[in-house]
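Read through the structure below, which is laid out as structure tokens, and then see the notes.
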Amino acid sequence: MESESEPYVRLASLRQLHEVMADMNTARSLADTLQTVANGVVTALGYELACVNLVRPDGDLVVAAFSGNQAAEALITGRVGSRESWDRRLNMGETWGDLVFIPHTEGWVLDDDDVPQWYTDGPAPRFEDEWHPSDRLFAPMYTPGVQGGQCGELIGVLSVDRPRNGRRPGAWGREALQMYTFQAAIAISNARLRANMQRALVRLEREQQALRASEESFRQAFEYAPSGMAIAEMGGDQHGRILRTNDALCRLLGRPASAMRRYSFSDLVHPEDIGTLLRTSAEGGRAELRLARRDGTYVWVSLRNSVVADAADGPRFLLTHVEDIEDRKRRELQLAHRASHDSLTGLPNSAELRSRLSSRLCQRSTHTGAALESIDAAFGHPAFDANGHGFDFRQGGTEAFAAFDHHVHTVAPEGERDDGTKGLAVLFCDLDGFKSINDRFGHNAGDAVLIEVARRLSQCVRDGDTVARLGGDEFVILADGLGKADAADLAVRLRNEIIQPIRAEGRAVRVGASFGIGWAHCGMTADEVLKSADERMYVEKRSRPKQHRRAG
């Protein structure tokens with residue numbers, strides 16, 4: 001192209017420039033594109049040397065490609081020039097459109113900056129437009145798509161040297177270099193975009209592989225976990241509905257996975273444990289409750305919840321870990337039962353008896369009693385009625401209320417006659433003749449008698465009544481809602497059951513029973529109630545003839 005006179009340019013030269021530009025845009029990588037740009041300057045534009053300086057992320061420029069001289073290429077490729085030095089170069093000399101030409105008369109000031117450069121030998125120019133070995137010609141490359149070209153972001157600088165015709169480029173040469181530089185900027189931007197996309201695709205593929213590996217690990221951990229696992233919906237109309245269960249949970253509840261998807265945990269929880277489930281926080285909540293098996297039985301489990309997000313702002317799910325604690329709960333219940341029940345007869349023991357009795361009684365303090373007396377005096381009638389319920393007091397439009405809690409006071413029948421009042425009867429039972437059985441036949445026989453007496457007493461009372469072994473051969477029955485006649489009839493029935501022959505150690509033995517009936521009411525302690533019934537039992541025992549108290 002350098003041999004052609006301007007403005008006449010051969011079609012072959014334009015075709016050659018077009019092919020070089022096409023090669024730039026078909027390069028397979030950024031490195032290939034940069035080298036194609038440098039080679040195109042030498043091949044199609046008629047320069048002996050070409051260098052591509054690429055802007056790095058930190059702003060400095062690195063020599064990324066070189067063409068025309070292998071020695072110079074080995075010397076400066078990969079070297080870096082500061083952005084400050086490059087800005088000084090691009091703001092001095094002559095501007096030829098988008099090009100910057102620094103003649104040798106000014107370029108000497110750049111000899112000592114840090115921009116990588118080469119030096120060429122040659123004679124001094126003889127003509128005005130002849131190229132001097134120290135002349136410099138730069139073609140800045142800017143991001144495409146910005147109106148005005150130079151208003152875009154600088155992405156690199158194309159440096160050219162030693163035109164083959166030995167002359168400074170004319171109008172056509174300058175235009176061709178600008179056109180080529182513009183296309184080179186497009187090619188470099190596209191190559192960078194492709195490189196970034198390839199890196200992003202590689203990164204995405206790695207992330208997807210990691211995600212698939214993570215999902216597979218979770219799936220295996222979920223499916224093959226030794227304890228139960230479930231995933232449930234969180235929020236919305238279907239909140240709590242089970243979406244997925246593992247084999248361990250299905251085996252634990254005896255239900256197939258397809259059937260489990262029809263339920264939520266609230267559908268499977270024991271009715272008494274619904275409150276426990278509702279009190280459990282969804283995020284990180286934990287509860288111990290009973291879940292229903294397919295056969296209608298219940299199993300104790302520990303539920304622990306975790307929230308799992310499907311995406312950054314996507315739906316959230318509840319991951320529930322279900323641990324079988326049936327054995328532990330059974331041991332705990334056994335220990336609690338042993339602590340509160342007699343080991344021989346299985347009846348509630350003394351401590352449990354006092355606990356149940358105390359739960360029905362309340363103690364009124366001295367201050368409360370004084371306050372009630374003041375109310376009685378002020379309003380002319382007691383603050384509580386016969387059943388222990390507080391009256392509403394109204395006087396002159398002002399309401400005054402007796403201070404009492406929601407406790408239903410326990411009252412007792414008064415007087416010798418049955419006045420119809422129902423109360424909490426406490427029947428104190430002491431066996432007659434039991435000591436002689438122990439002495440004559442041994443403690444095994446005595447234990448057999450106590451076990452049978454406990455069984456007979458339990459069979460004769462109502463559901464909800466308490467039969468307890470106080471100790472030795474003493475038993476206590478708590479029966480609520482009885483009048484005096486009812487309590488007396490109950491004592492007779494219990495005595496008649498006890499005096500029937502009992503098989504112990506291969507022989508039939510008999511024991512008698514003495515009953516004392518006490519009544520519990522608020523204001524008494526459990527010990528006071530038991531003492532009252534015990535005293536009545538001894539009164540009843542002494543009042544009966546000796547031969548009627550025991551049987552052989």
Side-chain angles (χ1 to χ4, degrees), residues 1 13-83 86 90 98-99 114-118 137-146 149-150 152-162 176-211:
M1 183 178 292
S13 299
L14 292 176
R15 184 178 294 113
Q16 184 183 29
L17 180 60
H18 173 74
E19 291 174 353
V20 170
M21 291 180 178
D23 290 340
M24 286 191 304
N25 288 285
T26 57
R28 302 180 63 181
S29 66
L30 177 60
D32 290 343
T33 300
L34 297 174
Q35 191 59 51
T36 303
V37 169
N39 294 339
V41 173
V42 174
T43 302
L45 297 182
Y47 293 93
E48 294 185 8
L49 299 174
C51 176
V52 179
N53 300 272
L54 194 65
V55 177
R56 302 191 312 180
D58 61 3
D60 293 340
L61 282 76
V62 60
V63 178
F66 195 95
S67 183
N69 187 307
Q70 292 183 353
E73 180 180 358
L75 176 66
I76 68 173
T77 300
R79 293 177 57 187
V80 178
S82 66
R83 182 62 177 267
W86 271 107
L90 299 179
D98 292 338
L99 307 179
D114 62 355
V115 173
Q117 54 192 341
W118 63 93
L137 180 57
F138 303 119
M141 294 180 290
Y142 297 92
T143 52
V146 180
Q150 292 189 15
E153 178 185 358
L154 182 70
I155 62 174
V157 178
L158 183 60
S159 303
V160 297
D161 196 12
R162 291 171 55 179
L177 181 57
Q178 289 185 77
M179 290 172 54
Y180 186 80
T181 301
F182 180 74
Q183 294 298 325
I186 295 176
I188 292 172
S189 296
N190 290 340
R192 275 185 162 177
L193 179 61
R194 288 194 300 270
N196 291 337
M197 291 179 62
Q198 289 173 352
R199 286 193 293 268
L201 289 174
V202 170
R203 184 170 59 252
L204 179 61
E205 178 61 25
R206 290 175 179 171
E207 291 175 354
Q208 289 178 341
Q209 289 177 354
L211 178 60

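For clarity, every value in this text was computed on a predicted model and none was experimentally measured. Quick note: residue numbers are just sequence positions, from 1.
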| Are any of the side-chain heavy atoms of Y180 and L45 separated by less than 4.5 Å? | yes

| Got more than 12 heavy atoms from elsewhere within 6.0 Å of CD, Q70? | no

| field | Interatomic distance, T181 atom OG1 to D98 atom CG [nearest 0.5 angstrom] | value | 8.0 Å

| request: With rounding to the nearest 0.5 Å, note down the distance linking CZ in R194 to CG in L30. | output: 8.5 Å

| task | Check whether any side-chain heavy atom of V55 lies under 4.5 Å from a side-chain heavy atom of M141, and answer yes or no. | result | no

| said: Is there a side-chain contact between V160 and L49 in this structure, where contact means two heavy atoms from C-beta onward sitting under 4.5 Å apart? | reply: no

| task | Using the side-chain hydrogen bond (donor to acceptor under 3.5 Å, both in side chains) rule, take W118 and D161 through it: C-alpha gap first, then chi angles, then the decisive distance, then the call. | result | CA-CA 10 Å; W118 63 93; D161 196 12; 3.0 Å; yes

| request: Might you point out which heavy atoms bring A50 and A38 nearest each other, and give the distance in Å? | output: CB-O, 3.5 Å

| Between atom CD of Q117 and atom CG of L75, what is the distance when rounded to the nearest 0.5 Å? | 10.5 Å

| message | Are the side chains of W86 and V157 in contact, using a 4.5 Å heavy-atom criterion? | response | yes

| request: May I ask you to test the L137-L177 pair for a side-chain heavy-atom distance under 4.5 Å? | output: yes

| said: Nearest 0.5 Å, please: how far is CD in Q209 from CZ in R206? | reply: 8.5 Å

| Polar contact flag, side-chain donor to acceptor under 3.5 angstrom, S82-D60 | no

| remark: Interatomic distance, CG@L193 vs CD1@I188, rounded to 0.5 Å, equals 13.5 Å

| query | Can you find a side-chain donor-acceptor pair between N53 and S159 that sits under 3.5 Å? | reply | yes

| said: A side-chain contact here means heavy atoms from C-beta on lying under 4.5 Å apart; do V63 and C51 qualify? | reply: yes

| L61 side chain reached by R56 side chain, heavy atoms, under 4.5 Å | no

| From M197 CE over to N190 CG, what is the distance, rounded to the nearest 0.5 angstrom? | 10.5 Å

| said: For the residue pair Q35 / N39, report whether a side-chain donor-acceptor contact shorter than 3.5 Å exists. | reply: yes

| query | For the residue pair T143 and I155, what are the closest heavy atoms and their distance? | reply | CG2-CG2, 3.4 Å

